[in-house]
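Numbering of ligands and ligand atoms starts at 1, following listing order.
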Amino acid sequence: MYSSKISGLGYYVPENVVTNNDLTQWMDTSDEWIQERTGIKERRWIDPKTGDTTSSMGAKAATIAIERAGLTNNDIDFIIFATLSPDMYFPGGGVRVQDLLGMPTIGALDIRNQCSGFIYSLSVADQFIKTGMYKNILVIGSENHSGGLERSTRGRGVTVIFGDGAGAAVLSRSEEKGKGILSSHLHSEGKHAKELALEGPATGRWVDAIMKDNDPDDVSYYPYMNGQFVFKHAVVRFSEAIMEGLEANKLKKEDIDMLIPHQANLRIAQFIQKKFQLSDDKVYNNIQKYGNTTAASVIIALTEAWEKGKINDGDLVVLAAFGSGFTWGSVVIKW
Ligand code: UT7
């Protein structure tokens, strides 16, 4: 069995900054409410004039990650692309990246696991590398939320939270034992699927059904979130996933050098930080600048933390996420 290590990281966010105050042009909300409940100050929303899309942002992040890995597009053996906001209903974003980056006809897999999409993707990539099937896998998380949010007071409970952006990692084969991805842990609980979901259009509620009823209150084509319900489950599942990762490797919470939690809500991250008694320099948050970028959030935060020199050789890095599905999980890395 080989080991797999992250050999390159990159991220891309649209230039267009939308502050909390900017949102008041569309809805009854305030900077005070948003900051107090979520920690968010601003987020990036694609300016449609730029032509940015979920897959093009993923490709931009990937280009940086591949270059930093010291590789070229031709060295990549496989693409894994996580998103809940693909450019098209089908096909997914992976094949778009293969085309945009002019890669050979390598395989491309799309992962539909929302906020834990990057955790799931990294875990899948890890298995392919460890068994020797592939040497270098491009793992991308990218979201274009702004194109599908309801910009009105009715939608404010969801709309103020989400932002656009993409992150990418190259996962590479390594012969160094005891380094790289030590373990990954994945979970789901589908009975809560509707607590955080976008129901239509999809085959369960197709376009003609939505149009036939012509009901102005039918907003099943916008995301719905039962915020407090999700919050309560998130704090429990985050903690479990982190503990599971530590215990699987016979580690203690004191061994954590850097925790990168999915950026869902600063209050959730602060709760976890307190629970695991981690000092401020051992948890990285950037939700203040980007909001919740779902499948992109962990990889953007990981890349930023690494760029700022907060992750160094030999550090124990724990990634954890929870979200729609419900799905959740963790990845433990010895850097
Ligand atoms: O990434 C996937 C996982 N997602 C999460 O983990 C998210 C978890 N949930 C949360 O982060 C929080 O539940 C939210 C930030 C989404 C909401 O915060 P909350 O403290 O749970 O607020 P709430 O939904 O209970 O709403 C409280 C009040 C309501 O008004 P009333 O009924 O008390 O009069 C809402 O209508 O706040 C109102 N409200 C707003 N007011 C101003 C909801 N959204 C807004 C808003 N601006 N944007």
Side-chain angles (χ1 to χ4, degrees), residues 18-43 45 82-85 112-120 141-143 145-146 148-165 167 187-190 192-198 219 222-242 260-273 275 285-288 290-301 319-330:
V18 178
T19 65
N20 292 341
N21 279 331
D22 291 337
L23 295 173
T24 61
Q25 68 185 288
W26 296 295
M27 62 196 77
D28 180 12
T29 190
S30 66
D31 180 45
E32 194 191 1
W33 191 97
I34 299 170
Q35 282 210 50
E36 194 183 303
R37 307 278 176 140
T38 70
I40 299 167
K41 294 179 187 205
E42 58 189 42
R43 74 284 295 140
W45 279 3
T83 189
L84 64 68
S85 52
R112 294 282 311 271
N113 281 81
Q114 300 69 247
C115 301
S116 50
F118 189 76
I119 299 289
Y120 269 74
S142 181
E143 304 286 1
H145 284 304
S146 61
L149 295 169
E150 186 179 21
R151 297 187 193 191
S152 73
T153 298
R154 183 171 60 182
R156 67 183 177 178
V158 171
T159 303
V160 301
I161 295 167
F162 292 98
D164 302 336
H187 294 278
S188 71
E189 192 173 27
H192 300 310
K194 291 197 172 181
E195 304 297 344
L196 176 47
L198 194 160
V219 283
Y222 286 126
Y224 164 79
M225 173 160 68
N226 182 349
Q228 294 201 3
F229 186 86
V230 176
F231 193 107
K232 284 179 195 146
H233 282 257
V235 289
V236 174
R237 297 311 194 184
F238 260 110
S239 306
E240 286 176 3
I242 296 165
I260 311 274
H262 162 54
Q263 301 293 290
N265 185 318
L266 193 59
R267 307 290 158 249
I268 296 176
Q270 286 167 338
F271 178 92
I272 303 299
Q273 177 177 352
K275 182 159 182 179
N285 291 302
N286 60 9
I287 191 170
Q288 301 90 330
Y290 304 131
N292 179 347
T293 57
T294 312
S297 101
V298 168
I299 177 60
I300 293 177
L319 315 179
F322 171 89
S324 162
F326 292 152
T327 61
W328 64 97
S330 63

Shortest protein heavy-atom distance from atom 1 (O) of ligand 1, along with the residue and atom involved: Asn292 ND2, 2.7 Å
Glu32 atom CD, neighbour heavy-atom count above 12 within 6.0 Å: no
Side-chain donor/acceptor of Thr83 to backbone N/O of Ser142, under 3.5 Å: yes
Residue and atom name of the nearest protein heavy atom (relative to atom 4 (N) of ligand 1), distance in Å to one decimal: Val230 CG1, 3.5 Å
Numbering as shown, the atoms of ligand 1 that approach Asn265 to under 4.0 Å (heavy-atom distance): 10 (C), 11 (O), 15 (C)
4.0 Å protein heavy-atom contact status of atom 41 (N) of ligand 1, strictly under: yes
Minimum-distance protein heavy atom relative to atom 48 (N) of ligand 1: Thr29 OG1, 3.1 Å
Contact bool for atom 31 (P) of ligand 1 (protein heavy atom, d < 4.0 Å): no
Under 3.5 Å: donor-acceptor pair, side chain of Asn265, backbone of Arg267: yes
Parallel, tilted or perpendicular: ring planes of Trp328 versus Phe322, cut at 30 and 60 degrees: tilted
Nearest option to atom 7 (C) of ligand 1, as decided by whichever heavy atom of Met27, Arg154, Met225, Arg37 sits closest: Met225
Best match, Gly227, Ala321, Gly323, Ala234: closest heavy atom to atom 8 (C) of ligand 1: Gly227
Top protein contact for atom 36 (O) of ligand 1, by heavy-atom distance: Arg156 NH2, 3.1 Å
Top protein contact for atom 2 (C) of ligand 1, by heavy-atom distance: Cys115 SG, 3.1 Å
Contacting atoms of ligand 1, where contact means under 4.0 angstrom from a heavy atom of Val160: 48 (N)
Minimum non-hydrogen distance to atom 28 (C) of ligand 1, winning option of Trp33, Phe231, Phe162: Trp33
Protein contact to atom 25 (O) of ligand 1 [nearest heavy atom, distance to 0.1 Å]: Gln228 NE2, 2.7 Å
Main-chain N/O of Ala321 paired with Arg237 side-chain donor or acceptor, under 3.5 Å: no
Pairs under 3.5 angstrom only: tabulate donor-acceptor contacts from the side chains of residues 155-162 to other protein residues two or more places apart or in another chain.
unit_1 : atom_1 : unit_2 : atom_2 : d
Arg156 : NH1    : Asp28  : O      : 2.7
Thr159 : OG1    : Glu150 : O      : 2.7
Thr159 : OG1    : Gly155 : O      : 2.9

Closest approach of any protein heavy atom to atom 6 (O) of ligand 1, naming residue and atom: Ile268 CD1, 3.3 Å
Polar contact flag for Thr38 and ligand 1 (N/O pairs, less than 3.5 Å): no
Among Thr159, Ile161, Thr293, closest by any non-hydrogen atom to atom 14 (C) of ligand 1: Ile161
Atom 34 (O) of ligand 1 touched by protein (heavy atom, under 4.0 Å): no
Under the side-chain contact (heavy atoms from CB on, under 4.5 Å) test, residues paired with Tyr224 that sit two or more places apart: Asn226
Ser297 and His262: side chain donor to acceptor below 3.5 Å: yes
Glu143 side-chain N/O to Leu84 backbone N/O, donor-acceptor pair under 3.5 Å: yes
Any donor-acceptor N or O pair under 3.5 Å, side chains Asn21, Thr24: no
Donor-acceptor pair, side chain of Ser116 and main chain of Ile119, under 3.5 angstrom: no
